[in-house]
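Structure record follows, encoded as structure tokens.
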Amino acid sequence: MNLSIATIVIIAANVLVSIKGFNDFSFFERYKFNIGAIRRGEQLRNITSGFLHVDVTHLLFNMITLYFFAPIVVNHFGDPKFVVIYFVSLLAGSILSLSFHKDEYHYSAVGASGAVTGVLYAAILLQPGMKLAFFFIPIPIPAYIFGIGYLLYSIYGMKTRAGNIGHTAHFGGAIGGYVMTLLFSPSLFTNEPLMVALLAIPIIILFILEKTGKI
């Protein structure tokens, strides 16, 4: 699979910054996502935290996902718009995390998951009929079903605090990828109206739960 220059640069940046964080605790602490620090004015953490990872497994999982789905987005939009989708998704993940955890001053997180989930959701919106297969799901399933299921699980994770996972950042990233893809390719509203509507369902559910105080 041929990777674009932008994808290679983003993967390289994640690897280099993460390795620095693995070996330098003060660097990791200075640039991770932390509610208290951000509310004190350290806004840069909203971006830098997206290039740090907890360990090699965390880094590899995100970069392998990016490796498979970035080319779909790049092929449709080109490098510049792909980069915009990546960073808007990263920021959207941080902003939603900040919104949901604003009173938890010790809440911290790291990882490219928000940005990568945004790219994944963008790819699903662009090619909803592609089949995805995973080690834990031996039968290939349509991408749009996976996308909807993944975000519904993220809502469950946000509500129950399941695992040591940044479910809120994942969901925010998906929103970022969804919105930017529609902005860059509004023809999807007429060409794929059902998919646009179906993939919006988890976002609407989250909005309703938040407004009714159930999450």
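- How far CD1 of I155 is from CG of L209: 6.0 Å, rounded to the nearest 0.5 Å.
- In this structure, NE2 in H76 is found 4.5 Å from CG in L126, a value given to the nearest 0.5 Å.
- Donor-acceptor pairing under 3.5 Å is recorded for the side chains of S4 and T7.
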Q: Could you give me the CA-CA distance, side-chain angles and deciding distance for L132 and F69, then say whether side-chain contact (heavy atoms from CB on, under 4.5 Å) is met?
A: CA-CA 11 Å; L132 303 180; F69 292 98; 3.7 Å; yes
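- The side-chain heavy atoms of S89 and V119, taken from C-beta on, include no pair separated by under 4.5 Å.
- Distance CD1/I203 to CD1/I175: 5.0 Å, rounded to 0.5 Å.
- I148 and F207 fall into different hydrophobic clusters, where Ile, Leu, Val, Met, Phe, Trp and Tyr are joined by side-chain heavy atoms under 4.5 Å apart, directly or via other members.
- Taking the six-membered ring wherever Trp is involved, the centroid distance between the rings of F22 and H53 does not fall below 6.0 Å.
- Under the 4.5 Å side-chain heavy-atom criterion for ILVMFWY residues, no single connected hydrophobic cluster contains both Y105 and I38.
- Aromatic ring centres of F82 and F77 lie farther apart than the 6.0 Å criterion allows.
- Using a distance-only test at 3.5 Å, with no hydrogens or angles considered, a donor-acceptor pair links the side chain of S94 to the main chain of N46.
- When hydrophobic clusters are built by joining Ile, Leu, Val, Met, Phe, Trp and Tyr residues whose side-chain heavy atoms come closer than 4.5 Å, directly or via intermediates, F87 is not grouped with V9.
- Note on I204: it does not cluster hydrophobically with L151, by side-chain heavy-atom contacts below 4.5 Å among ILVMFWY residues.
- Looking only at side-chain heavy atoms (C-beta outward), D55 and L59 stay at 4.5 Å or farther from each other.
- For K20, the side-chain hydrogen bond (donor to acceptor under 3.5 Å, both in side chains) partners at least two apart in sequence or on another chain are D24.
- Among residues two or more places apart in sequence or in another chain, the side chain to side chain contact (heavy atoms under 4.5 Å, CB included) test is passed with T48 by Y31, L44, R45.
- With contacts defined as side-chain heavy-atom distances shorter than 4.5 Å, the pair I141/K131 does not qualify.
- With contacts defined as side-chain heavy-atom distances shorter than 4.5 Å, the pair K159/K214 qualifies.
- Under the 4.5 Å side-chain heavy-atom criterion for grouping Ile, Leu, Val, Met, Phe, Trp and Tyr, L90 is not connected to I95 through any hydrophobic cluster.
- Only one option out of I10, L16, I11 pairs with N14 in a side chain to side chain contact (heavy atoms under 4.5 Å, CB included); it is I10.
- Counting only heavy atoms from C-beta outward, the side chains of I72 and M130 approach each other to under 4.5 Å.
- We find the CD1-CG distance between I124 and L199 to be 7.0 Å, quoted to the nearest 0.5 Å.
- Counting heavy atoms from C-beta outward, V73 and Y86 have side chains that stay 4.5 Å or more apart.
- Here the side chains of F184 and V179 are not in contact, with every heavy-atom distance at 4.5 Å or above.
- The distance from the OG atom of S18 to the CG atom of L52 is 6.0 Å, given to the nearest 0.5 Å.
- How far CG of L188 is from OG1 of T181: 7.5 Å, rounded to the nearest 0.5 Å.
- A donor-acceptor pair is defined here as one N or O able to donate and one able to accept, closer than 3.5 Å; no such pair exists between the side chain of H170 and the backbone of T117.
- Ring geometry, F33 versus Y107: the interplanar angle exceeds 60°, so the pair is classed perpendicular (tilted spans 30 to 60°).
- In this structure the side chain of L96 reaches within 4.5 angstrom of the side chain of L206, judged on heavy atoms.
- Heavy atoms from other residues, nucleotides or ligands lying under 6.0 Å from CZ of F61 number 12 at most.
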